[in-house]
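Order of the sequence lines sets the chain letters (A, B, ...), proteins ahead of strands, with each chain counted from 1. Every value quoted in this text rests on a predicted model; they were computed, and no experiment measured them.
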Number of protein chains: 2
Amino acid sequence: MKRMALKKIVERQTGVALWRQIADRIRLSISNGDYDATGMVPPETVLAQEFGVNRHTVRSALAALADEGLVRAVQGRGTMIERKDRVSYPISRRTRFSQGLGRQVKEIGTRLLGHAEVPASGEIGAALAVSPGSLLIELRTVSSGDGRPLSTSVSYYPADRFPRMAEEYALLGSVTKAFAAHGLDDYVRVSTELVARHAEAQELSLLQLSPGAIVMEAQSVNADLDGKPVEYSRTRFAADRMKLRIET
Amino acid sequence: MKRMALKKIVERQTGVALWRQIADRIRLSISNGDYDATGMVPPETVLAQEFGVNRHTVRSALAALADEGLVRAVQGRGTMIERKDRVSYPISRRTRFSQGLGRQVKEIGTRLLGHAEVPASGEIGAALAVSPGSLLIELRTVSSGDGRPLSTSVSYYPADRFPRMAEEYALLGSVTKAFAAHGLDDYVRVSTELVARHAEAQELSLLQLSPGAIVMEAQSVNADLDGKPVEYSRTRFAADRMKLRIET
DNA sequence: TACAGTTGTCTAGATCAATAGACATTTAGG
DNA sequence: CCTAAATGTCTATTGATCTAGACAACTGTA
């Protein structure tokens with residue numbers, strides 16, 4: 001289906017600047033492959049006409065995208081697309097971070113931001129089915145693909161069963177391996193809840209997002225094969241770098 | 001865990017107006033139940049201090065939320081919360097729209113916006129495993145719960161197998177029943193891909209969203225029990241009214 | 001070299017967003 | 001009946017956003 005050259009409307013007086021709306025639309029078009037034929041963004045004058053705004057407004061949008069490293073403008077030639085990918089991340093009964101990304105990224109980085117021992121509280125305690133007040137290990141991490149941050153997580157593990165979680169994770173760089181080091185060889189995803197919202201300040205900095213960006217937040221529980229919960233985690237994905245593939 | 005009274009930072013010069021950022025944050029707090037104790041939003045002066053902005057800016061944010069019908073301000077008393085729900089929508093092998101919402105909403109509405117017969121094209125044809133150019137039935141719908149729009153869909157069905165899809169759907173108000181009318185009693189979800197992004201103009205109007213709002217877009221394929229695809233659909237959910245529960 | 005097409009830069013003005021302060025109006029409670 | 005606390009309204013000012021137009025600088029091609 002040839003994509004319709006549909007009118008590219010932007011809304012005024014909405015609290016979202018036109019240049020940001022336009023930047024979002026162009027980013028989407030790039031990731032949809034709309035400009036693959038030329039590898040370039042249409043000329044500023046053309047975009048200005050399509051969106052019904054002044055050329056300067058389009059320039060602000062392109063400047064923001066150039067700032068993200070998504071495009072690069074060359075005087076006299078045009079604005080070239082530098083990057084267009086959106087990584088696909090599978091969510092299934094056997095969700096494993098590094099396996100899922102597979103060949104989409106050459107190099108996967110995981111960084112342990114910090115860890116702590118905290119008492120179980122309402123929501124998290126209930127999800128892990130531990131008695132209130134019992135100790136949990138909390139891990140905070142950021143994961144990236146080819147140097148670009150993709151997600152940030154806060155995860156909780158029962159401290160009595162996985163006492164060395166932080167150390168093993170720091171050493172092995174993988175939750176799956178850290179579980180294995182505690183004698184747990186297999187686990188499955190029990191539940192996942194998804195919400196999309198604007199990123200908060202801390203998420204902007206952790207994920208290196210431009211302000212106003214969107215995150216998808218997944219709250220998930222993993223359990224061992226007996227159905228006993230072993231992990232509760234809250235992962236926030238950079239929405240414009242990822243799509244989630246749900247395998248049922 | 002008692003929620004930390006963490007500093008509520010808003011970012012300036014980002015192309016997203018402060019009042020809109022604050023409106024988004026308050027909306028999130030309402031849906032998180034942060035204000036359940038009183039049923040009211042904190043006083044404007046308090047919010048202004050928390051966010052580090054002028055009271056007038058907070059007032060703009062609250063005016064936007066009042067416009068959505070989320071809160072109602074009463075002079076001399078305060079700003080009361082009118083609505084706080086975020087509907088949970090399950091995605092599983094047997095995703096059925098109306099069943100999933102269950103008791104969360106009293107009244108489910110589905111409206112057929114229009115239908116058409118279109119030739120199968122690249123992506124959609126491949127997903128449905130039909131030969132290129134063969135005919136598909138396209139349905140465009142909006143679904144709502146208790147009068148609030150929750151999602152809008154575009155769906156495709158092979159015309160040779162489900163020739164009366166549009167008529168049956170219009171009559172029965174349900175895809176499951178329309179399938180049954182064609183002799184298909186059961187079907188399962190094969191794949192789902194999820195993306196979150198800012199809503200486009202058309203989506204804003206269909207879902208009655210305030211500009212700058214977020215939609216979650218799910219592209220899904222359903223198949224009969226022999227694995228033959230019967231439906232390709234693209235559903236956009238109003239992100240601030242829904243959360244998706246993924247059942248694996 | 002000439003030229004068309006493109007991005008880069010500058011100036012000026014109009015509109016929107018945010019701050020600041022003052023005061024009015026309404027409500028609930030002592 | 002007061003008063004404290006809350007929202008409602010008004011004016012003025014500053015900075016960010018958007019429009020408008022003109023022209024400079026660079027690229028590729030004829």
Side-chain angles (χ1 to χ4, degrees), chain A residues 8-26 30 35 37-67 69-82 198 210-212, chain B residues 8-26 30 35 37-67 69-82 198 210-212:
Chain A
K8 292 176 181 168
I9 302 162
V10 282
E11 312 256 320
R12 288 152 197 270
Q13 300 174 12
T14 64
V16 182
L18 293 180
W19 64 263
R20 176 148 290 285
Q21 295 183 51
I22 291 170
D24 291 338
R25 297 282 294 268
I26 296 175
I30 290 174
Y35 306 141
T38 60
M40 302 184 78
V41 175
E44 294 168 353
T45 49
V46 173
L47 289 172
Q49 195 154 28
E50 279 182 357
F51 287 110
V53 302
N54 191 276
R55 180 176 153 235
H56 294 294
T57 309
V58 169
R59 282 180 62 75
S60 299
L62 290 175
L65 295 177
D67 216 52
L70 207 61
V71 300
R72 186 164 51 89
V74 176
Q75 189 171 156
R77 279 182 72 190
T79 303
M80 283 160 294
I81 294 169
E82 295 279 278
H198 290 112
S210 47
Chain B
K8 293 177 181 166
I9 301 161
V10 284
E11 312 256 321
R12 288 153 195 269
Q13 299 173 17
T14 64
V16 183
L18 293 180
W19 64 264
R20 176 148 290 285
Q21 295 183 51
I22 291 170
D24 291 339
R25 298 282 295 268
I26 296 176
I30 290 174
Y35 306 140
T38 59
M40 302 184 78
V41 174
E44 295 169 352
T45 49
V46 174
L47 289 172
Q49 196 154 28
E50 279 183 355
F51 287 109
V53 301
N54 192 276
R55 179 176 156 238
H56 294 294
T57 309
V58 170
R59 282 179 62 74
S60 298
L62 290 174
L65 294 177
D67 217 53
L70 207 62
V71 300
R72 186 163 52 90
V74 176
Q75 189 171 153
R77 282 182 69 191
T79 303
M80 284 159 297
I81 294 168
E82 295 279 278
H198 290 111
S210 46

Visitor: Report the distance from atom CG of A:L18 to atom P of C:dA14, rounded to the nearest whole Å.
Guide: 19 Å
Visitor: Going by modelled atom types, is there a donor-acceptor pair between the base of D:dA20 and the side chain of A:H56 at under 3.5 Å?
Guide: yes
Visitor: If you compare all heavy atoms of A:M40 against all heavy atoms of A:Y35, which two are closest, and at what distance to 0.1 Å?
Guide: O-CB, 3.4 Å
Visitor: On the nucleotide C:dT7, are OP1 or OP2 found under 4.0 Å from the side-chain N or O atoms that A:T79 carries?
Guide: yes
Visitor: Is a donor-acceptor pair below 3.5 Å formed from side chain B:R55 to base C:dG21, judging by atom type as modelled?
Guide: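 Answer is no: no donor-acceptor pair is held.
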Visitor: Just how far, in rounded Å, is C1' of C:dT19 from CG of B:L47?
Guide: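 About 17 Å, once rounded to whole Å.
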Visitor: Send over the distance from B:N54 CG to D:dA12 P, rounded to a whole Å.
Guide: 17 Å
Visitor: What string of B, S and - do you get for nucleotides 25-30 of chain D, 5' to 3', if B is base contact, S is sugar-phosphate-only contact and - is no contact with any protein heavy atom under 4.0 Å?
Guide: BBBS--
Visitor: With rounding to the nearest 0.5 angstrom, report the CD to CD1 distance, A:E82 to A:I30.
Guide: 10.0 Å
Visitor: OP1 or OP2 of C:dT19 versus the side-chain N and O atoms of B:T57: is any pair under 4.0 Å?
Guide: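 Answer is yes, contact under 4.0 Å.
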Visitor: Would you indicate whether the side-chain heavy atoms of B:I22 and B:L47 approach each other to under 4.5 Å?
Guide: no
Visitor: Expressed in angstrom and rounded to an integer, what is the separation of B:R20 atom CZ from D:dA16 atom C1'?
Guide: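 In whole Å, D:dA16 C1' and B:R20 CZ are 17 Å from each other.
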Visitor: Between D:dA6, D:dA20, C:dG8, which nucleotide has the shortest distance from any of its atoms to the side chain of A:E44?
Guide: C:dG8
Visitor: Taking all non-hydrogen atoms of both residues into account, name the closest pair between A:A61 and A:W19 and its distance.
Guide: CB-O, 3.2 Å
Visitor: Carefully, step by step, assess B:T45 and B:Q49 under the rule side-chain contact (heavy atoms from CB on, under 4.5 Å).
Guide: CA-CA 6 Å; B:T45 49; B:Q49 196 154 28; over 6 Å; no
Visitor: Counting N and O atoms only, with roles assigned by atom type, does the side chain of A:E44 sit under 3.5 Å from a partner on the main chain of A:V58, one being a donor and the other an acceptor?
Guide: no
Visitor: How many angstroms lie between OG1 in B:T38 and CD1 in B:I81, if you round to the nearest 0.5 Å?
Guide: 6.5 Å
Visitor: To the nearest Å, give me how far apart CH2 (A:W19) and P (C:dC16) are.
Guide: 19 Å
Visitor: How long is the line joining CE of A:M80 and C1' of C:dT7, in whole Å?
Guide: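 The distance from CE of A:M80 to C1' of C:dT7 comes to 11 Å, rounded to the nearest Å.
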Visitor: Which nucleotide, D:dT17, D:dG8, C:dA20, lies nearest any side-chain atom of B:R59?
Guide: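 The nucleotide sitting nearest to the side chain is D:dG8.
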